[in-house]
Amino acid sequence: MTAASVPDWARFAASPLLWLGVTLAAYLLAQWLYRCSGGRPLLIPVFTAVALVVGVLWLSGTPYPVYAQGTQLLTLLVGPATVALAVPLFGHRARLKAIWRPLCIALAVGSLTAIASAVGVAWALGGSRETLMSLAPKSATMPIAMPVAERFGGLPALAAVAVALTGIAGTVVSRPLLDLLRVHDPAARGFAIGLTAHAIGMARELQEHPGTGAFAALAMGLNGIATALLMPLAVVCFQCIGWL
């Protein structure tokens with residue numbers, strides 16, 4: 001089949017410009033809905049934008065690999081964007097030096113709790129080892145959770161879904177829960193949100209409060225490293241108590 005005989009829509013659908021435009025338009029619309037709703041947690045831009053893009057893909061019959069290829073530029077920008085998260089944190093370096101010990105304790109407890117709770121619930125519901133290992137790193141950011149899950153016999157695709165759902169759920173419930181517990185310190189709120197809701201929660205906090213967002217970014221990065229380091233120990237413990 002020659003290029004001239006390919007349907008116009010098929011050629012247009014394969015264009016990176018189309019899917020970059022769709023993604024940007026979906027996110028801008030999601031932000032507008034979020035602002036109009038008064039910041040309702042269920043309308044966080046990441047969740048709404050994903051739903052909009054999935055709807056467009058489904059209605060147009062476009063396979064995900066086509067969309068992924070068309071948005072490679074956004075994927076390449078993830079690295080620089082992650083490094084840039086250190087910029088807001090740099091302004092809080094004095095506070096960070098003063099509270100690094102409790103932050104380390106919170107990191108260890110939070111990371112272990114996230115792993116153990118996911119595996120424990122899945123085990124109680126009869127999940128297979130493959131499922132348990134896929135869910136264990138759910139609170140780490142996706143680029144870390146997927147290879148960690150695969151390393152211990154899990155499914156990277158299932159791990160990615162678990163990470164996304166954890167981030168959305170954590171972002172939705174974190175603010176009301178922290179308000180209920182009367183946790184108002186930006187460092188404590190940000191670190192808790194970044195530890196549990198990783199990139200999705202961090203993105204919202206950066207928009208709402210730079211100080212909270214800075215500590216959320218710190219927690220997201222540290223929890224990814226902690227999860228990778230603690231997983232071997234956690235697997236040995238799960239085997240000893242009969243979960244694996």
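Everything quoted here is computed from the prediction, not taken from an experiment. The basis for the numbers below is simple: all heavy atoms, side chains too, and nothing from hydrogens, waters or symmetry mates.
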J.: Please round to the nearest 0.5 Å and tell me the distance separating atom OG of Ser60 and atom CG of Leu18.
T.: 8.0 Å
J.: Side chain of Ser134, backbone of Leu155: donor and acceptor closer than 3.5 Å?
T.: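 Between the backbone of Leu155 and the side chain of Ser134 there is a qualifying donor-acceptor contact (under 3.5 Å).
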J.: I want to check something: taking the side chain as every heavy atom from C-beta on, are Ile115 and Met231 in contact at a cut-off of under 4.5 Å?
T.: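 When only atoms from C-beta onward are counted, Met231 and Ile115 do touch, with a gap below 4.5 Å.
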J.: About how many Å separate CG of Leu29 and CG of Leu24, when rounded to the nearest 0.5 Å?
T.: 11.0 Å
J.: How close do Ala140 and Ala145 get, heavy atom to heavy atom, and via which atoms?
T.: O-CB, 4.0 Å
J.: Look at atom CZ of Arg151 and say whether more than 12 heavy atoms of other residues, nucleotides or ligands are closer to it than 6.0 Å.
T.: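 Result for CZ/Arg151: open.
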J.: Quick one: NE2 on His92 to NZ on Lys97, what's the gap to the nearest 0.5 Å?
T.: 14.5 Å
J.: Any side-chain heavy atom of Trp19 within less than 4.5 Å of one from Leu57?
T.: yes
J.: Please test Thr23 against Tyr67 for side-chain hydrogen bond (donor to acceptor under 3.5 Å, both in side chains), starting from the C-alpha separation and ending with a verdict.
T.: CA-CA 10 Å; Thr23 304; Tyr67 172 79; 2.8 Å; yes
J.: Is there a path of hydrophobic side-chain contacts, each under 4.5 Å between heavy atoms of I/L/V/M/F/W/Y residues, joining Leu74 to Tyr27?
T.: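 No, Tyr27 and Leu74 fall in different hydrophobic clusters.
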J.: Are any side-chain N or O atoms of His198 and backbone N or O atoms of Met142, one a donor and one an acceptor, separated by less than 3.5 Å?
T.: no
J.: Mark yes or no for whether Thr171, through its side chain, and Gly167, through its backbone, hold a donor-acceptor pair below 3.5 Å.
T.: yes
J.: Test Pro137 against every option in Thr227, Ile144, Thr166 by the side-chain contact (heavy atoms from CB on, under 4.5 Å) rule and name the one that passes.
T.: Thr227
J.: Are Glu150 and Met146 close enough that some pair of their side-chain heavy atoms sits under 4.5 Å apart?
T.: no
J.: Below 4.5 Å, heavy atoms only, C-beta onward: do Arg204 and Tyr34 meet side chain to side chain?
T.: yes
J.: Identify whether Phe191 and Ile105 are in the same connected component of the hydrophobic contact network (ILVMFWY, side-chain heavy atoms under 4.5 Å).
T.: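 No; Ile105 is not reachable from Phe191 via cluster members.
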J.: Any donor and acceptor pair, going by atom type alone, linking the side chain of Thr48 with main-chain N or O of Pro45 inside 3.5 Å?
T.: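 Flag not set: sc Thr48 to bb Pro45 has no pair under 3.5 Å.
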J.: Would you say Val163 and Ile168 are hydrophobically clustered, going by side-chain heavy atoms of ILVMFWY under 4.5 Å?
T.: no
J.: Does some side-chain heavy atom of Trp123 sit less than 4.5 Å from a side-chain heavy atom of Leu135?
T.: no
J.: Are Trp243 and Phe152 grouped together when hydrophobic residues (ILVMFWY) are joined by side-chain heavy atoms under 4.5 angstrom apart?
T.: yes
J.: Minimum heavy-atom separation for Ala49 and Ala30, please, with both atom names.
T.: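 Closest approach of Ala49 to Ala30, heavy atoms only: N-CB, 3.7 Å.
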J.: Any link between Val56 and Val66 through a network of hydrophobic side chains (Ile, Leu, Val, Met, Phe, Trp, Tyr) touching at under 4.5 Å?
T.: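 Val56 clusters together with Val66.
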J.: Can you check whether Ile200 reaches Phe47 side chain to side chain, under 4.5 Å on heavy atoms?
T.: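 No - every pair of side-chain heavy atoms lies 4.5 Å or more apart.
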J.: With rounding to the nearest 0.5 Å, note down the distance linking OG1 in Thr212 to CZ in Arg175.
T.: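 It comes to 8.0 Å.
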J.: So how far is it from Leu52 CG to Leu28 CG, rounded to the nearest 0.5 Å?
T.: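 Answer rounded to 0.5 Å: 11.0 Å.
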J.: How about Asp185 and Arg95: do any of their side-chain heavy atoms sit closer than 4.5 Å?
T.: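 Yes, side chains in contact.
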J.: Below 4.5 Å, heavy atoms only, C-beta onward: do Leu218 and Leu103 meet side chain to side chain?
T.: yes
J.: So which atom in Ile99 and which in Ala187 form the shortest heavy-atom distance, rounded to 0.1 Å?
T.: CD1-CB, 3.9 Å
J.: Could you walk me through whether Thr131 and Ser128 pass the side-chain hydrogen bond (donor to acceptor under 3.5 Å, both in side chains) check?
T.: CA-CA 5 Å; Thr131 300; Ser128 64; 3.1 Å; yes
J.: For a side chain to side chain contact (heavy atoms under 4.5 Å, CB included) check, start with the C-alpha distance between Leu195 and Leu107, then their side-chain angles and the critical distance, and finish with the verdict.
T.: CA-CA 7 Å; Leu195 192 62; Leu107 173 66; 3.8 Å; yes
J.: Is the shortest side-chain N to carboxylate O distance from Glu205 to Arg189 below 4.0 Å?
T.: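 Salt bridge: no.
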J.: Any chance you could measure Cys104, atom SG, to Leu222, atom CG, to the nearest 0.5 Å?
T.: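 So the SG of Cys104 and the CG of Leu222 are separated by 7.5 Å.
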J.: Gly153 and Met133: which non-hydrogen atoms are nearest, and at how many Å?
T.: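 Answer, listing the atom of Gly153 first, then Met133: C-CB, 4.2 Å.
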J.: Kindly give the heavy-atom pair with the smallest separation between Gly170 and Ala197, and that separation in Å.
T.: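 Taking Gly170 first and Ala197 second, the nearest heavy atoms are C-CB, 3.8 Å.
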J.: If you compare all heavy atoms of Gly70 against all heavy atoms of Leu20, which two are closest, and at what distance to 0.1 Å?
T.: O-CG, 3.7 Å
